[in-house]
Structure formats: C-alpha cells, structure tokens
Amino acid sequence: MNASDLLVVENLKKSYKVRDKTGRRMLIKAVDGVSLAVLRGETLGLVGESGCGKSTFGRTILRLTEPDSGRIIYDGADITRADMRPYRRRMQIVFQDPYGSLDPRSRVYNIVEEGLRANFPKYSADRLREIVMELLESVGLEASHAYRYPHEFSGGQQQRIGIARAIAVEPEFIVCDEPVSALDVSYQAQIISLLKRLQDTLSLTYLFISHDLSVVRYISDRIGVMYLGKLIELGTSEEVTLYPAHQYTKALLHAVPAADPRAGRAKVYKLTDDIEDLSIPEKGCRYCRLCEKAAPVCFEEEPILREVAPGHSCACHIL
Amino acid sequence: MDKDSMSDILLDVRELDVSFDTHTGKLHAVNKISYAVREGEVMGLVGESGSGKTVSSYSILGLLKPPAVINGGRVLYKGRDILGLSNKEAAAIRGREISMIFQNPMSCFDPVFTIGSQMTETVLANDKTASKAEAAARSIDMLREVSIRNPGQLMRRYSYELSGGMLQRVMIAMALLCKPKLLIADEPTTALDVTIQAAIIQILKKLQKQHNMAMLYITHNFGIVAEICDRVSVMCGGYIVEQGSTDDIFYSSAHPYTQLLMKMVPRMDTPLSEPLPYIEGLPSDPTALGEGCVFCTRCPYSRDICREKKPPEVSLAPGHTASCWLRADNASAESGRPSV
C-alpha cells in the first residue's frame, strides 16, 4: 500500500443466492475477485453494463452489503470486518434514483441536517442552520428551498439535495452510483460540473459508477471497466478511451451515439443484450462468446489483468 | 415546406395548444405548435424535461386526461382531424394506423398475463378474422423481427421476468403487430444502458426502413437524433423554437438553445481539457412566462427586446425555421450566425 492510496481493495468477492426460473438454487457471482486502488484526490470511474457488478462493488466497499471474501483497506486500516461507525462520516454515497433516496416526509432542511447533527453533536442550532444554508447554496439551491419536500423538486434538484446530504458531514470519499443516469442531458451536465467543483474545493475522492463511458470520461482521472464481475481493463481516462485494449471496452465505446449525423457507425459490435447472456462461462474468458477475436485459448483459460502500457492494464489473451 | 411535398404528409399538427388547470393557475404546456411528419420519415421532437414534447404527442392519440385541456389547434392524420374523436373512433386508429411506445416498458404490460396472451389479444382486437393460432404465429414472427432468439419460449413468460431491454423490444414488437403507418416513440431508450440503447436504435431503424413507417421520435438526447432522425423540431418551454432537417440542425443551427442543448451531449471525440458546457439556471417556470422569448432568462445573448417581445419565426432555408431575435435581425442582412 502506497501513501497515496486512500482505498485499496484486494480480491473482493460477493455473490447472491437466488432461485432460477425452475426454482433451482443458484449463485450469482456479482463481484468475482476485483482488486484495485483508489488514489487520494482522484476520481476513479467504474463502467460496465447493468448486471456487471459495478454497483455491488460500490456498495460492498462501503459495507452496505457484506463481502464474501477479500480485503478492503481504507486509509491504512482494514475495514473488511471492522465496526463502520467511525468511517460512515468519512465515506459517503450519492445514489442513482434521486427521489427514491430521499425521505418523502422530511423537509430538505432536515434531510441535510440529520447527518450533521449525528456527527457534530456540539454544534448549536444556529450553527447548524448556518451550515445547512451554506451547503444548499454550494450545490446551487436557494435558501427558500430548505423548507420544501423532495417531491416539489425536479430530478436535477433532487440530485443536488442528495449531494448536499453527502458532503454535509465533511467526507473524504464519495461513491457516486450512477448519479446522472436518471437525468436529462442538461441536468446531467450541470451535476457533473457541480461534482467537479466540489471535488476541487473540498478535496474529495470519488468512485464514479456509470454505464456511459462518455459521461465517465469527463469526470474521471482513471477508468476501470467491469464485465460479469471482473475488472477487465484499468487505465487513465485518456488511455482507456483513446487506446482501449479489451474488445469489450471497444464495444462499449462504440455504443455511445456520435452526435454527428454524417459520421454514421463504422461497425456494429456484438453486445450482451439479454439477461440470458449474463451467465458466466465455466472456463475461459468471460467475454469469449461475444468476442470476434477469440482464439482457442480464450475458451480454455481465464486471462488475468496485466500491464499493456505504463499505468494501463487489461485482462485479455490476444493483445 | 415545399409545395410539392405537401401531398405525402401523414400527420399534420397545426397550432396545437394544451394547458393544465392547476391550483396556481393555468400552466401552458404546449403553445400553438405546428409540425408535420411525412410518410416514411423520422421526425425528432427534442427538448429538456418539461418542454412539452410528451404532452404534445399524447394529444395526438387522445391520451390526455383532465386537468389537461386542449385549447385549440388541429391534428390532421391523412387529412382528417383526429382531435376530439370519440373513444370508438380513436380505437380504430390506435394500433392499426398510429402506435406508440413508451419510456418505461415495465408499466405498459399487465403483470398477471403472459407476454404471449397480451400480444395475441392485440392482434385479435384489431383483426376480427384472425384465428388464435394465426395471432400467435404473427406475434412470434414479430418477436423474431426485434431480434429475440427464443420467441416461442418468451411468449410464455411474464413481464416481470424480463430485463428492461428485452421488454422494450417486446413493446416495439407489440406496437408494430398491426403494421401502423406512424409510430410515436416517447424516449424509448432513456431508461436503458448505452449498449442496449444502441441495440434498440438499430432495431427501430431497421424496422422503420423495412415497413416504410413514419416515426415521431421524442428524446432529449441529440446523440440519438443524429442516429435516427431525418428532421427535427426543437422544443423549449412549450414552444417549437427551431425546426429543420437533421443536417440543418446539426451543422447550421440558429437558435442558442439548440446549440447549447447539442453541446451538452457528452461525446467521445472532444478533448478532455474542454469542460462539458451546461445551461445556467433552471427551465423557466411555465406558470410565470412573461411576454418575451421563452429562453431569454437563460440565453447568453439575451437583449432587451428578447425580454419584451416574442421573437417571430424566421425562415432561414427551405424547411429550416427558427424563432430568435438574433436571426430576425440577421435574416435580412444575411450575416453570419451566432455561435455559442
């Protein structure tokens, strides 16, 4: 572990027991041995399709769900089994569904104040009020909004309330779990610039989870790509988006509309497009069934993450 | 619009005006908008949430319920006004002539019936001569057209057993069962992953060409517009502020709102050093619209006249119009267009 690492995750695994259509028990390996480090002050983007385990990963490192095995080390301390109370203030989360994550019967003021009061019991009522109003202002809401209920706001404003709640307790690390996926493009752009500004002023570290590489690249310093529970590529934003190494990353990049009618799509990649495809092959690379460059070895042996350029690694046999 | 192309107009919306009666007064959701969709053409209706794009499309099929009030205007389908049709008359048009797909496929299926029974019911309701077996066969064929691998098996499943991407395909198949001439697509991919979005758009494009079907495609994402639309109407606060071919809108857009909305789409090919632009402030409160331009409170170019008077619609090229004072001044002088 380096001094610059805020969070180190080693071989994290999490699976869910479910029953399939016929009632048989089966195990879904949502996160299947992921190791990575998040550096102090950076934004690490985590991308992948629904069902790839990115949200489970984000929730497990906060111990909102318990890991099966592996280690989570935060700021030098092993928190895999530790009491999380001292860490809750330092590690926060912003959720995808802006309305669902706010108590519909609480006023905005109480939503933002609750965490503050719990963590800073010595603050006076006046001091709390002052801080809440400052927080609302810093996320672009007005003082008059403080006494309204969540349903009175648009999706973009609700997400701002969620962000104000997360930064209220002065955290160091925030997991942003698809914070803009439910929003319109205009709100999406506003929230991304707000998150960036807050990161600069409050020296925050983000884990930014999204299915959309075009959004992730605007906010991330580094990007990790997940597929069926595995981390298959990791590198700087520029490396991963300009020189993607994994065939799956190329397919993901290609799925983003070009916003240029004359560009057209040069090529259509095969993608996992229904739930049946989410089963993990018994052996070999998890992407081998859809990969057009798959060689015999890809069906036999699971590739491991290895460096393809300085600071850029990829799990693929045929590089 | 060209005179000679008037004949192939399938849907002609003229000065449609819709408002909602609310406690705080009349909320004008759609302000005398006009647009036309020709046969076999994809028209994009683009704007932020709350710009009135969904409300205007709901009124076409008579799906608006009180407190919504249609104040005026006409919706001509094949030359016949379909606003204010009786339920029975409207039912004859829905599905067979005009069909619709929605943003949230989960809420459009009945969870207690199988996909198969809901699809065959649709066929039987619209074709009294078809037998049950024929209806099932037609449903299976249609499911195959939307790239579903095991259509027979899928017919026996329930909506809650399927993923969002799968259900959206089933909804498309169901909407096209009776071979409609016009498909209204209300943000069909907004709730989906980018990868599944790409697959759905490919399917829609293929089927639209195959059946020579016209489409009214509602979205807030200009990336999708570029992929699928032939022409575009841009909506802001209940007004159409710019209208033109997809090329007009992308390469010579005239309205600052269109230009900003387009720049906000995150792209893969812009340098990372450039921040993502965004429109400051919130969409104007539709209950408190003043006399001026609907975008004036957020427009970087707004002047006194923008706040005082509504801009006229200016024709910039055949089929390309914009309502902006910047263009109204420039229209006669033919000087360069403003850029954001």
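The model shown is predicted, which means the values in this text are computed figures rather than measured ones. In what follows, chains carry the letters A, B, and so on, assigned in the order in which the sequence lines appear, proteins first and then strands, with residues in each chain numbered from 1.
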Does atom [atom1] of [X] have more than 12 heavy-atom neighbours, drawn from other residues, nucleotides or ligands, at distances under 6.0 Å?
X	atom1	result
B:Lys205	NZ	yes
A:Tyr16	OH	yes
B:Gln103	CD	yes
A:Lys29	NZ	no
A:Glu152	CD	yes

Distance (rounded to the nearest 0.5 Å) between [X] [atom1] and [Y] [atom2]:
X	Y	atom1	atom2	value
B:His220	A:Asp184	NE2	CG	4.5 Å
A:Asp260	B:Glu227	CG	CD	10.5 Å
A:Ser186	B:Arg298	OG	CZ	7.0 Å

* Under a 4.5 Å heavy-atom cut-off, does chain B meet the side chain of A:Glu178, its backbone, both or neither? -> neither
* Non-hydrogen atoms of chain B under 4.5 Å away: do they reach the side chain of A:Leu183, the backbone, both or neither? -> backbone
* **B:Leu192 versus chain A, the contacting section by heavy-atom distance below 4.5 Å** => backbone
* Checking B:Gln197 against chain A: side chain, backbone, both or neither under 4.5 Å from a heavy atom? -> side chain
* To do: Just jot down the side chain to side chain contact (heavy atoms under 4.5 Å, CB included) partners of A:Arg197, sequence neighbours excluded, or say none.
  => A:Leu194
* Of the non-hydrogen atoms in B:Pro266 and A:Gln188, which two are nearest, and what is the gap between them? -> CG-NE2, 3.4 Å
* Contact summary for B:Ala198 and A:Ala255, nearest pair of heavy atoms -> CB-O, 3.9 Å
* To do: Verify, without hydrogens or angle tests, whether B:Asp193 (side chain) and A:Ser50 (backbone) share a donor-acceptor contact under 3.5 angstrom.
  => yes
* To do: Answer whether the closest heavy-atom distance between the side chains of B:Thr195 and A:Leu252 falls below 4.5 Å.
  => yes
* **A:Tyr187 side chain reached by B:Ser49 side chain, heavy atoms, under 4.5 Å** => yes
